[in-house]
Amino acid sequence: MDSQTSHDARRAAAPHTFQVDLRGLVDLLSHHLYSSPKVYLRELLQNAVDAITARRAEQPDSPATVRLFAENGSLRVEDSGIGLTEADVHSLLATIGRSSKRGDGLESARADFLGQFGIGLLACFVVAERIRVVSRSARTPDAPPVEWTARDDGSYTVRTLPDAARAEPGTTVHLEARAGAAEWLTEERVLTLARDFGSLLPYDVRVGETPVTDLPAVWNRTYPSPAARRVALARHCHDLFGFTPLDSIELDVPLAGIRGVAHVLPQAVSPAQRAGHRVHLKGMLLTERAEQLLPDWAFFVRCVLDTDSLRPTASRESLYEDETLAAVREALGERIREWLTALAAGDPERLAAFLSVHHLGVKSLARHDGEMLRTMLPWLPFETTDGQLSLEEFAQRHAVVHFTRTVEEFRQVAPIASAQGIGVVNGGYTYDADLVEALPSVRPGTPVAELDADTVTAHLDSVDPAEELALSAFLTAARTRLDPLGCDVVLRAFHPLTVPALHLDDRAARHEQARAEAEAQADDLWAGILGSLRGSAPRARLVLNHLNPLIRRVSSLGDPELIGTAAEALYGQALLMAQRPLRPADSALLNRSFIGLLEWATHPGTGKDDAR
């Protein structure tokens with residue numbers, strides 16, 4: 001077209017089509033790339049902010065305003081950015097994947113852009129059936145305004161307009177809602193989304209006359225005192241996340257361009273629960289569900305921060321996993337470590353309040369960080385035979401730190417071990433066994449040993465050989481009855497006297513028991529294979545307390561059948577006391593022994609006289 005035609009204010013619009021299947025693109029964007037139609041507003045804000053950034057790179061004193069007007073199922077967005085020429089329109093809005101960052105005049109501002117103008121604008125078709133853009137270039141002041149109008153069928157037109165259509169440089173975007181999408185273009189919804197996405201943007205953004213931005217960010221403001229700062233951060237957390245934090249940890253990593261806050265949750269959470277953090281990229285909200293921002297052990301905080309260094313994914317709704325993100329993750333984790341160390345050194349009350357809720361997260365960290373374990377040693381709580389204690393205090397009380405690997409093993413031995421003066425730590429909870437085993441590395445010279453059935457039995461007093469010989473018939477009958485269950489019977493004297501019997505086993509014994517059960521239920525082939533795996537693992541044992549009055553009475557029984565029933569009842573009671581899960585055979589034994597004892601108690605002459 002000639003020069004005269006190109007400057008004709010009312011030149012007829014020529015039809016064009018996108019170099020892409022727009023219908024397919026809209027389906028891709030709405031169903032696969034973006035999580036919600038609401039991102040259309042983020043794309044519009046990104047385009048406006050990028051345009052202003054580009055203009056200010058060349059004209060530092062140029063205006064920096066974005067205005068949004070919503071009414072009657074339409075939206076108008078005006079910015080004072082760098083604007084477009086007719087050539088720019090064809091290049092940037094007709095070919096997907098090109099960006100307004102291209103062009104020699106914009107190269108210097110490249111690092112400050114948020115998005116891609118072309119695909120960002122076309123993303124608005126998720127909620128709009130028609131998009132109209134009127135723009136005037138600040139780089140080519142003599143060029144007339146240009147209008148680009150596109151429909152969701154993939155067609156678009158371009159024409160130049162009179163100077164009066166857009167007197168100042170910048171761009172105006174008009175959206176007309178798709179059928180069923182008008183709710184996304186209401187003033188109330190636009191204001192809510194604009195504040196959510198753009199509250200930290202560096203320019204003057206308004207919906208109508210209502211301000212969107214709220215600067216400086218709460219963590220960048222000055223306060224009259226540290227207490228006032230904590231109150232303000234806590235209020236911001238409540239408004240943002242819906243909870244009042246136990247404490248707030250300021251995150252400042254200048255080399256990564258990061259400023260923000262990590263808020264400590266007021267209640268315990270599962271380590272498996274992935275935290276959702278709010279990440280702003282150059283002021284624009286990128287995501288509120290960033291899961292990979294912090295180390296796994298820091299699951300007890302929720303973050304909100306702004307960064308200018310992290311890379312967004314194609315959808316710009318999450319972070320790209322690269323070396324920069326890995327370095328940021330490590331730096332933020334170090335900041336939380338420093339906060340914990342500072343609490344341990346200067347504010348033990350706040351540390352104790354924190355650990356009462358989130359000791360699991362700190363244990364997870366200390367498991368791989370010897371310095372943190374050393375720092376937290378006087379503070380981290382563990383369940384022990386002496387009650388809830390830190391490992392430091394427990395090690396001071398006991399020459400050897402014994403521990404069990406499961407809660408069941410601890411429940412078995414805790415009452416007996418405590419009575420014998422054996423100190424035991426319950427290592428059955430998450431991370432606890434690992435930390436006890438690491439104790440010598442941060443507290444040299446501290447003996448640590450896993451407690452097993454042999455150790456417990458060795459600390460129990462033996463019965464006088466003559467007395468045990470006199471009870472050999474009783475012991476033989478009891479052993480015969482419990483042998484099919486893979487359990488031996490031994491006689492010892494121990495405290496407390498109220499415990500008639502103690503069931504002891506260890507992992508090796510349980511493995512052998514599981515193997516034997518599998519062998520009994522398998523076919524000939526597998527029974528042979530499992531039989532070949534039979535080892536010399538110790539068996540479980542039922543330790544009868546010779547000091548207990550009930551055991552003394554039972555041991556005087558003369559009827560082998562009644563002795564067997566009593567042995568089964570004692571075995572079942574010991575399992576229940578140890579809070580061990582019952583196998584079907586154990587449940588059947590309990591029922592059988594209970595019924596047997598009732599029969600014996602209600603039918604004289606079936607062995608009752610022998611018990612007298």
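What you are looking at is a predicted structure, and each value in this text was computed from that prediction instead of being measured. Numbering of residues begins at 1 and proceeds along the displayed sequence.
No side-chain donor from either of T244 and H238 sits under 3.5 Å from a side-chain acceptor of the other. With no hydrogens or angles considered, a side-chain donor-acceptor pair links N220 and R259 at under 3.5 Å. In this model, no donor atom of one side chain and acceptor atom of the other lie less than 3.5 Å apart for H546 and D461.
Of all heavy-atom pairs spanning I563 and A478, the tightest one is CG2-N, 4.0 Å. Here the shortest heavy-atom pairing between W379 and P348 reads CH2-CB, 3.3 Å. The two residues V489 and L482 have their closest heavy-atom pair at CG2-CD1, 3.7 Å. Closest non-hydrogen pair, P500 versus L550, comes out as CB-CD2, 4.5 Å. Residues G423 and F394 come closest through the heavy atom pair C-CZ, 3.3 Å. For the residue pair A298 and I336, the shortest heavy atom distance occurs at CB-CD1, 4.0 Å.
The shortest side-chain heavy-atom distance between L340 and L365 falls under the 4.5 Å cut-off. The closest side-chain heavy-atom distance from T446 to V401 is below 4.5 Å. Looking at heavy atoms from C-beta onward, H236 lies out of side-chain contact with D239 at the 4.5 angstrom threshold. Looking only at side-chain heavy atoms (C-beta outward), L451 and E409 stay at 4.5 Å or farther from each other. A heavy-atom distance below 4.5 Å is not found between the side chains of V328 and V253. Using a 4.5 Å heavy-atom threshold, the side chains of L485 and E568 count as separate. Inter-residue side-chain proximity for W219 and L305 is flagged as unmet; no heavy-atom pair is nearer than 4.5 Å. Contact annotation: the side chain of Q292 approaches that of L325 to within less than 4.5 Å [non-hydrogen atoms, C-beta and beyond].
Residue-environment remark: CD (E349) stays at or below the threshold of 12 foreign heavy atoms within 6.0 Å. For E334, the CD atom sits in a packed shell: over 12 heavy atoms of surrounding residues, nucleotides or ligands are nearer than 6.0 Å. The environment of CD in Q267 is crowded: more than 12 heavy-atom neighbours from other residues, nucleotides or ligands sit within 6.0 Å. The number of heavy-atom neighbours closer than 6.0 Å to NE2 of H495, taken from other residues, nucleotides and ligands shown, is 12 or below. Within 6.0 Å of atom OH in Y223, more than 12 heavy atoms from other residues, nucleotides or ligands are found, so the atom counts as buried in its surroundings.
Each of H280, R278, R302, H277 was checked for a side-chain hydrogen bond (donor to acceptor under 3.5 Å, both in side chains) with E288, and the lone residue meeting it is R278.
Salt-bridge annotation for R335 and E250: absent, with no side-chain N of the basic residue lying under 4.0 Å from a carboxylate O of the acidic one. With salt bridges taken as basic N to acidic carboxylate O contacts below 4.0 Å, one links E393 and R397. Checked for salt-bridge contact, R405 and D432 miss the test: no charged N lies under 4.0 Å from a carboxylate O. Under a 4.0 Å N-O distance rule, the pair D369/R337 qualifies as a salt bridge. A salt bridge links R329 with E321: the closest approach of a Lys/Arg side-chain nitrogen to an acidic carboxylate oxygen falls below 4.0 angstrom.
To the nearest 0.5 angstrom, S587 atom OG is 11.0 Å from R592 atom CZ. The distance from atom NZ of K282 to atom CG of L286, rounded to the nearest 0.5 Å, is 10.0 Å. Note that CZ of F494 and CG of N545 are 4.0 Å apart. Values are rounded to the nearest 0.5 Å. Separating the CG atom in L332 from the CG atom in L251 is a distance of 5.5 Å, to the nearest 0.5 Å. For the atom pair CG (N426) and OG1 (T406), the distance works out to 8.0 Å, reported to the nearest 0.5 Å. For the atom pair L471 CG and S555 OG, the distance stands at 5.0 Å (nearest 0.5 Å).
Formation of a donor-acceptor pair under 3.5 Å by the T476 side chain with backbone atoms of S472 is found in this model. Of the possible polar contacts, none joining the R479 side chain to the D488 backbone as a donor-acceptor pair under 3.5 Å is found. In this structure a side-chain-to-backbone donor-acceptor pair under 3.5 Å is missing from S418 to A414. Within the 3.5 Å criterion, the main-chain N or O of A256 finds a donor-acceptor partner in the side chain of S309. Put simply, the side chain of S199 never gets that close to the backbone of D196: no donor and acceptor are under 3.5 Å apart.
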Q: Apply salt bridge (charged side-chain N to carboxylate O under 4.0 Å, His left out) to E392 and R374, showing your working.
A: CA-CA 9 Å; E392 177 67 29; R374 185 179 291 106; over 6 Å; no
Q: May I have the step-by-step check of side chain to side chain contact (heavy atoms under 4.5 Å, CB included) for V413 and T385, ending in yes or no?
A: CA-CA 9 Å; V413 303; T385 47; over 6 Å; no
Q: Kindly determine whether H358 and L246 satisfy side chain to side chain contact (heavy atoms under 4.5 Å, CB included), including the steps that lead there.
A: CA-CA 10 Å; H358 295 301; L246 282 178; 4.1 Å; yes
Q) Between E561 and R481, is a salt bridge (charged side-chain N to carboxylate O under 4.0 Å, His left out) present by the stated rule, with each step listed? A) CA-CA 9 Å; E561 184 63 29; R481 181 61 67 90; 3.0 Å; yes
Q.
Run L491 and V543 through side chain to side chain contact (heavy atoms under 4.5 Å, CB included) and show every step you take.
A. CA-CA 6 Å; L491 189 65; V543 184; over 6 Å; no
Q: Walk me through it: do H263 and F243 pass the test side chain to side chain contact (heavy atoms under 4.5 Å, CB included)?
A: CA-CA 9 Å; H263 297 291; F243 66 85; 4.2 Å; yes
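Ring centroid separation for the pair F403 and F410 does not come in under the 6.0 Å cut-off. Close placement of the W339 and F354 rings is indicated, their centers lying within 6.0 Å of each other. Side-chain rings of Y571 and H503 approach one another, their centers coming within less than 6.0 Å.
The side-chain tip of K363 does not point at the ring of Y429 from less than 6.0 angstrom away and within 45° of straight on.
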